[in-house]
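Here is the structure we will look at.
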Amino acid sequence: MSALLGVNIDHVATVRQARYARNAASINVEPDPVEAALAAERGGAVGITAHLRQDRRHVVDRDIFRLKEAIATKLNLEMGNSPEIVAIALQVLPADVCLVPESREEVTTEGGLDCITHRAALEPTLKAMADAGIRVSLFIDPDPAQIHAAASLRAPVVELHTGAYAEASGAARDAELSRLIEAARLADEAGIQVNAGHGLNYVNVKPILVLPKLVELNIGHSIVSRALFVGIEQATREMVECLRF
Ligand code: PXP
């Protein structure tokens with residue numbers, strides 16, 4: 001048995017933007033996130049995740065359109081629920097969309113989406129995506145109230161936020177793992193597919209594999225970091241190995 005791996009290539013674009021953010025038309029623009037995505041696929045990724053942020057700090061619109069064209073697996077477009085990005089998603093038509101909260105100040109996605117507070121804004125987006133044949137995943141904290149809210153929004157998938165687990169140690173980490181297990185159980189009971197991600201690496205991912213009915217993990221930073229030393233295909237392959245249980 002094995003959990004499936006979606007590779008998040010945002011930080012390949014982060015490296016590109018560090019040099020070329022003001023000169024994207026240059027012929028020397030590298031590294032190319034699409035090339036990284038193809039290598040991740042060769043390494044065993046079942047999907048490619050990219051986050052089109054409102055501030056376009058790493059992935060830009062053109063990347064999303066090129067990824068959709070080039071990859072052989074599925075594109076998971078991570079995005080905030082803003083009208084501009086929703087319109088782009090409806091143009092690109094990725095297989096999956098993962099809705100995340102987004103604030104301009106954060107370094108990366110910080111907390112899960114609050115599906116209770118933002119219910120009214122989420123409902124039309126979920127409907128528009130479902131009508132377009134896009135499967136929506138809600139990135140939420142492992143909180144029973146959020147699972148119930150996701151179920152009442154009829155979300156087909158949730159991605160459980162593993163950030164608090166990844167940052168904790170000792171007993172606090174065990175407690176976070178228990179929260180994730182319970183959330184996964186509740187989501188499965190509600191007929192929702194269980195994915196998870198954020199802050200996972202080659203070591204801390206192992207205990208996560210006990211989540212009941214876990215289908216897919218989305219991992220970015222750790223794979224891109226390892227890729228600096230072994231290449232992204234090999235870094236992906238090593239993570240695929242870690243996901244066997
Ligand atoms: N899943 C979601 C919803 C995210 O926002 C991120 C970070 O972009 C990831 C997974 C991947 O997190 P990491 O880069 O820490 O592996």
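Ligands are counted one by one from 1 in listed order, and the atoms in each one are counted from 1 as well.
When each of Arg16, Arg66, Arg62 is tested with Asp32 by the rule salt bridge (Lys or Arg N to Asp or Glu O under 4.0 Å), just one qualifies, namely Arg66.
A heavy-atom separation below 4.0 Å is not found between His51 and ligand 1. Residue contacts with ligand 1 include Gly199, since one or more of its heavy atoms lies under 4.0 Å from the ligand.
Inclusion of Gly197 in the set of residues having an N or O under 3.5 Å from an N or O of ligand 1 is not warranted. Of the N or O atoms in Phe139, none lie within a sub-3.5 Å distance of an N or O in ligand 1. Considering backbone and side-chain atoms together, His11 places no N or O closer than 3.5 Å to any N or O of ligand 1. Residue-to-ligand polar distances place Glu159 within reach of ligand 1: an N/O pair is separated by less than 3.5 Å.
Using a cutoff of 4.0 Å between basic side-chain nitrogens and carboxylate oxygens, Lys74 and Glu216 are scored as salt-bridged.
With 3.5 Å as the limit, one finds no donor-acceptor pair spanning the side chains of Asn76 and Glu78. When only modelled atom types and interatomic distance are considered, His51 and Glu102 share a side-chain donor-acceptor pair under 3.5 Å. For the residue pair Arg173 / Tyr165, a side-chain donor-acceptor distance below 3.5 Å is found, with atom types taken as modelled.
The 12-atom threshold is not exceeded at CZ of Arg154, counting heavy atoms of other residues, nucleotides or ligands nearer than 6.0 Å.
Ring geometry, His11 versus His221: the interplanar angle exceeds 60°, so the pair is classed perpendicular (tilted spans 30 to 60°).
Within the listing of ligand 1, atoms 3 (C) sit less than 4.0 angstrom from a heavy atom of Val100. The atoms of ligand 1 that sit less than 4.0 Å from any heavy atom of Asn218 are 10 (C), 11 (C). Of all the atoms in ligand 1, the ones that sit under 4.0 Å from a non-hydrogen atom of His221 are 13 (P), 14 (O), 16 (O). In the vicinity of Asn8, heavy-atom distances shorter than 4.0 Å reach the ligand 1 atoms 8 (O).
The option from His58, Glu78, Met79 that lies nearest to atom 4 (C) of ligand 1, judged by heavy atoms, is Glu78.
No side-chain heavy atom of Asn81 sits less than 4.5 Å from a side-chain heavy atom of Leu113.
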